[in-house]
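Let me begin by presenting the structure, written as structure tokens, before commenting on it.
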Amino acid sequence: ISGFTIFVTLIVFVLFLSSVIAAIKTVALVSPSNNTLTNDSTPDFSFIATSNVSLPFNCKLFLNNLQNVENSNVMNNTLTTLTPLTLSDGAYNWQVNCTDTISSNLSETRIITIDTAPPTTNFVAPTPGNDEIIYNDFVFVNITANEVLSSAVLQWENENITMSGSSKNFFYNKTNL
């Protein structure tokens with residue numbers, strides 16, 4: 001009977017150990033989505049860590065493979081948000097790593113780009129210069145930007161006019177002057 005007790009105890013111990021070893025199953029990133037562009041230098045990074053045990057986890061945010069912030073009291077299957085230290089403009093690979101006393105799990109990697117500097121635009125030829133006298137009933141306004149824009153709006157005598165073009169070059173032909 002003592003051999004039987006040892007055998008049953010060993011089976012129970014192996015079953016218990018196997019359920020604990022697989023503690024953290026996933027770290028699912030929620031936001032920001034991959035390839036996000038933002039002007040927020042402290043964006044929130046959200047995720048959900050799931051496990052087969054109810055112990056709190058220690059989760060760390062990594063930006064370009066360097067730890068930025070952590071939370072040592074992340075609960076199972078709960079939306080968690082980490083807010084980084086202020087980020088400089090640029091592209092960052094980000095991921096979250098969660099650990100408990102036994103296991104560790106690293107999320108997928110996503111990319112976020114921080115761009116806090118507003119774009120600059122310049123008028124270029126054939127746009128007339130300030131206070132230049134024109135002898136036509138039209139004017140062609142042409143601009144270039146220092147970065148790709150999704151649109152450009154020309155303000156002409158308190159009227160907002162969407163300009164044609166794309167990328168870094170936009171234009172508008174103002175007629176009937």
Check your understanding: Backbone N or O of L85 within a donor-acceptor pair of the N68 side chain at under 3.5 Å?
Key -> yes
Revision key, fill the gap. CD (E159) and NZ (K174) are apart, to the nearest 0.5 Å, by 5.0 Å
Study note, to complete from the structure: Taken to the nearest 0.5 Å, the spacing of T162 OG1 from F170 CZ works out to 10.0 Å
Practice item. Might you point out which heavy atoms bring A91 and T113 nearest each other, and give the distance in Å? Key: CB-OG1, 3.8 Å
Check your understanding: Could you go step by step and tell me if T50 and T26 meet the side chain to side chain donor-acceptor pair (under 3.5 Å) rule?
Key -> CA-CA 5 Å; T50 58; T26 62; 2.5 Å; yes
Study note, to complete from the structure: Correct closest heavy-atom pair for N65 and Q95 would be OD1-OE1, 3.5 Å
Point to revise | Residues, nucleotides or ligands: over 12 heavy atoms within 6.0 Å of F140 CZ | key: yes
Practice item. Can you measure from CG (N93) to CZ (R110) and round to the nearest 0.5 angstrom? Key: 13.0 Å
Revision key, fill the gap. Interatomic distance, CG@N169 vs OG@S164, rounded to 0.5 Å, equals 12.5 Å
Check your understanding: Do I161 and L149 belong together in a cluster built from hydrophobic side chains that touch within less than 4.5 Å?
Key -> yes
Practice item. Mind listing the closest non-hydrogen atom pair of V69 and L82 along with its distance? Key: CG2-CB, 3.9 Å
**Study point:** Transitive ILVMFWY side-chain link F62 to V74, under 4.5 Å
**Key:** no
Practice item. Could you state whether Y172 and W156 fall into the same hydrophobic cluster, counting links through intermediate Ile, Leu, Val, Met, Phe, Trp or Tyr residues with side-chain heavy atoms under 4.5 angstrom apart? Key: yes
Practice item. State, to 0.1 Å, how close N39 and T116 come at their nearest heavy-atom pair, and which atoms those are. Key: O-CG2, 3.2 Å
Review point. Hey, are the side chains of E108 and N34 touching, using non-hydrogen atoms and a 4.5 Å cut-off?
Key: no
Check your understanding: Between N58 and T99, is there a donor-acceptor pair closer than 3.5 Å when you use the side chain of the first and the backbone of the second?
Key -> no
Review point. Can you list the steps and then say if D137 with T175 is a side-chain contact (heavy atoms from CB on, under 4.5 Å)?
Key: CA-CA 6 Å; D137 67 343; T175 58; over 6 Å; no
Review point. Between the side chains of T83 and T42, is a donor N or O closer than 3.5 angstrom to an acceptor N or O?
Key: no
Check your understanding: Quick one: do V141 and F171 end up in the same hydrophobic cluster if we chain Ile, Leu, Val, Met, Phe, Trp and Tyr together by side-chain heavy atoms under 4.5 Å apart?
Key -> no
Practice item. Please round to the nearest 0.5 Å and tell me the distance separating atom CG of N130 and atom CZ of F123. Key: 8.0 Å
Exercise for review: Show your reasoning for whether side-chain contact (heavy atoms from CB on, under 4.5 Å) applies to S41 and T86.
Suggested key: CA-CA 5 Å; S41 61; T86 301; 3.7 Å; yes
Practice item. List the steps, then state whether side-chain contact (heavy atoms from CB on, under 4.5 Å) holds for F47 with C59. Key: CA-CA 10 Å; F47 63 95; C59 296; 3.6 Å; yes
Review point. To the nearest 0.5 Å, what is the distance between OG1 (T38) and CG (L87)?
Key: 10.0 Å
Exercise for review: Could you pull out the closest heavy-atom pair between S51 and F57, with the gap in Å?
Suggested key: CB-CZ, 3.3 Å
Practice item. Specify the closest pair of heavy atoms between S46 and L79, including all atoms of both residues, with the distance to one decimal. Key: CB-CD1, 3.9 Å
Check your understanding: Would you say the side-chain atoms of T127 pair up with the backbone N or O of N142, donor to acceptor, closer than 3.5 Å?
Key -> yes
Exercise for review: Give the intermediate values and the outcome of side-chain contact (heavy atoms from CB on, under 4.5 Å) for residues V27 and L106.
Suggested key: CA-CA 7 Å; V27 179; L106 185 63; over 6 Å; no
Review point. Is N122 reaching over with its side chain to a backbone N or O of T144, donor-acceptor style, under 3.5 angstrom?
Key: no
**Study point:** Cluster link V96 to L66, ILVMFWY, side chain under 4.5 Å
**Key:** no
Exercise for review: Evaluate the side-chain proximity of T36 to S31: yes if any heavy-atom separation is below 4.5 Å, no if none is.
Suggested key: no
